[in-house]
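Let me begin by presenting the structure, written as structure tokens, before commenting on it.
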Amino acid sequence: MNRRRKVYEGKAKILYEGTEPGTLIQHFKDDATAFNAKKKDVIEGKGVLNNRISEHIFTNLNAIGVPTHFIRRINMREQLIREVEIIPLEVVVRNVAAGSLSQRLGLDEGTQLPRSIIEFYYKNDELNDPMVSEEHITAFGWAAPPEIDDIMSLAIRINDFMTGLFLGVGIRLVDFKIEFGRLYENDMVRIVLADEISPDSCRLWDIGSDEKLDKDRFRRDMGGLVEAYTEVARRLGIMSENEPIATRGPVLVK
Ligand code: TMP
């Protein structure tokens with residue numbers, strides 16, 4: 001037996017070396033953090049749910065021709081992905097005012113925006129992921145102008161697809177955060193969707209009641225996070241009505 005080589009550990013995920021060259025294994029932890037990890041907890045079952053929900057969304061995006069890093073789910077907590085060079089930007093798409101936009105511009109949470117808005121944040125924990133403009137992105141060389149064009153048009157396609165997907169199951173897609181990477185294939189390089197899409201990185205409100213079905217339950221100390229994520233998974237048809245959430249993998253008998 002060999003120990004797997006850990007390539008990177010983030011707040012909610014670990015990346016291991018993959019089984020074939022050019023691949024990685026993305027492992028979803030149960031750790032929850034907010035406000036740049038000033039608030040932390042372990043929420044049993046979260047990683048399993050995010051692995052399944054993100055698999056569902058990435059599989060569907062691949063099927064409609066949005067290029068992603070996702071290859072296949074391997075087990076309850078892990079998926080095989082293509083190794084990409086992560087672009088150091090958090091791309092936020094907003095349909096409805098909430099969170100930092102509401103605070104910054106004094107908009108009531110829940111106000112429909114006149115059109116979808118794309119924002120960029122520089123991925124840097126020491127600086128608290130500051131918001132940046134295209135000018136900063138190109139001047140500092142984080143992405144080239146044609147790459148920003150690709151990112152914006154993919155973000156719009158992803159938003160259109162996910163808005164419909166969630167609307168169909170009675171959920172309003174308020175906003176979400178995505179990340180992109182450069183995939184190198186022979187002498188070609190292209191921009192693909194990377195990281196994850198899950199209730200950790202989206203705001204999802206029940207259409208009838210406005211109940212929050214996302215990580216704001218943790219950020220705002222509302223409780224019921226696993227129940228909310230399970231509800232999202234059930235509505236998307238990922239988990240059958242009575243399927244228990246297997247929170248632990250097989251236990252190794254020593
Ligand atoms: P915000 O309103 O706090 O800027 O968040 C916008 C969206 O981005 C929301 O769906 C939550 C998500 N998000 C992350 O996934 N990671 C983060 O670090 C932050 C700040 C927001």
Side-chain angles (χ1 to χ4, degrees), residues 8-13 26 28-41 43 46-47 49-51 53-54 57-58 61 68-69 86-113 115-133 136 142 151-152 154-156 158-163 165-167 171-181 193-207 210-222 225 228-229 232:
Y8 172 82
E9 179 155 5
K11 287 178 278 213
K13 294 188 293 293
Q26 178 163 264
F28 289 78
K29 300 193 281 187
D30 281 340
D31 300 28
T33 65
F35 315 116
N36 200 7
K38 283 189 203 72
K39 182 180 169 91
K40 282 191 217 178
D41 205 349
I43 301 180
K46 181 174 82 75
L49 285 156
N50 282 352
N51 186 25
I53 294 169
S54 196
I57 295 172
F58 275 66
L61 287 170
T68 83
H69 73 164
I86 289 287
I87 291 171
L89 297 174
E90 301 208 336
V91 180
V92 170
V93 183
R94 300 181 185 271
N95 301 306
V96 175
S100 70
L101 180 73
S102 287
Q103 285 187 350
R104 204 177 325 119
L105 300 185
L107 297 168
D108 284 339
E109 284 207 319
T111 310
Q112 187 73 39
L113 298 173
R115 62 175 178 81
S116 303
I117 294 172
I118 301 178
E119 298 172 343
F120 299 105
Y121 295 82
Y122 177 45
K123 253 173 88 71
N124 185 314
D125 283 343
E126 276 160 43
L127 301 175
N128 259 322
D129 298 346
M131 190 165 159
V132 293
S133 71
H136 299 103
W142 300 322
I151 287 172
M152 304 256 291
L154 287 170
I156 291 164
I158 294 164
N159 184 45
D160 286 347
F161 171 76
M162 291 219 298
T163 297
L165 179 80
F166 284 114
L167 198 58
I171 293 174
R172 184 140 70 130
L173 178 64
V174 171
D175 57 31
F176 60 96
K177 184 269 294 180
I178 44 181
E179 296 183 23
F180 292 90
L193 179 68
D195 192 52
E196 69 174 286
I197 299 181
S198 72
D200 267 11
S201 54
C202 300
R203 283 198 175 91
L204 303 170
W205 296 355
D206 176 71
I207 283 180
D210 274 352
E211 192 190 353
K212 295 184 199 318
L213 301 172
D214 57 59
K215 197 168 133 186
D216 271 348
R217 300 203 74 87
F218 171 73
R219 296 189 190 98
R220 302 181 187 190
D221 293 319
M222 300 167 78
L225 181 135
Y229 287 28
V232 172

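We count ligands from 1, going down the list as the structure has it; atoms in each ligand are counted the same way. Just so you know, residue 1 is the first one in the sequence shown, and it goes up from there.
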Checklist line | Salt-bridge contact Arg203-Asp214 (side-chain N to carboxylate O under 4.0 Å) | finding: no
Notebook entry, point to check: Please state which protein non-hydrogen atom is closest to atom 9 (C) of ligand 1 and give its distance, to 0.1 Å?
Noted result: Asp175 OD1, 3.1 Å
Next item on the list: Report the nearest protein non-hydrogen atom to atom 15 (O) of ligand 1: residue, atom name, distance rounded to 0.1 Å.
Entry: Lys177 CE, 3.2 Å
Next item on the list: State the atoms of ligand 1, each with its element, that fall below the 4.0 Å cut-off from a heavy-atom position in Gly99.
Entry: 2 (O)
Next item on the list: Decide if atom CZ of Arg220 counts as having more than 12 heavy atoms of other residues, nucleotides or ligands within a radius under 6.0 Å.
Entry: yes
Note to self: Counting non-hydrogen protein atoms only, what is the nearest one to atom 6 (C) of ligand 1? Give residue, atom name and distance.
What the structure shows: Arg203 NH1, 3.6 Å
Next item on the list: Just need the protein heavy atom nearest to atom 19 (C) of ligand 1, so name the residue and atom and give the distance.
Entry: Glu90 OE1, 4.5 Å
Item checked: Lys/Arg-Asp/Glu bridge criterion (N-O < 4.0 Å) met for Glu211, Arg217 -> yes
Next item on the list: Using a strict 4.0 Å cut-off to heavy atoms of Phe176, name the atoms of ligand 1 that fall inside it.
Entry: 10 (O)
Notebook entry, point to check: Looking only at heavy atoms of Arg94, does any of them come nearer than 4.0 Å to an atom of ligand 1?
Noted result: yes
Check: Heavy atom under 4.0 Å from ligand 1: found in Lys215's side chain, backbone, both, or neither?
Finding: neither
Checklist line | salt bridge (Lys or Arg N to Asp or Glu O under 4.0 Å) involving Lys212 - partner list, sequence neighbours excluded | finding: none
Next item on the list: Show your reasoning for whether side-chain contact (heavy atoms from CB on, under 4.5 Å) applies to Ser54 and Phe28.
Entry: CA-CA 10 Å; Ser54 196; Phe28 289 78; 4.2 Å; yes
Next item on the list: Assess Arg219 for proximity to ligand 1: is some non-hydrogen atom of it under 4.0 Å away?
Entry: yes
Next item on the list: Considering the heavy atoms of Ser201, write down every atom of ligand 1 situated less than 4.0 Å from one of them.
Entry: 10 (O), 12 (C), 15 (O)
Notebook entry, point to check: Is the side chain of Asp175 donor-acceptor paired with the backbone N or O of Val92 at a distance under 3.5 Å, no angle test?
Noted result: no
Check: Listed by chain and number, what are the salt bridge (Lys or Arg N to Asp or Glu O under 4.0 Å) partners of Asp221, not counting sequence neighbours?
Finding: Lys39
Next item on the list: Among all protein heavy atoms, pick out the one at the shortest distance from atom 1 (P) of ligand 1; state its residue, atom name and that distance to 0.1 Å.
Entry: Ser100 OG, 3.4 Å
Notebook entry, point to check: Of Lys46, Lys11, Lys215, Lys13, which meets side-chain hydrogen bond (donor to acceptor under 3.5 Å, both in side chains) against Asp200?
Noted result: Lys46
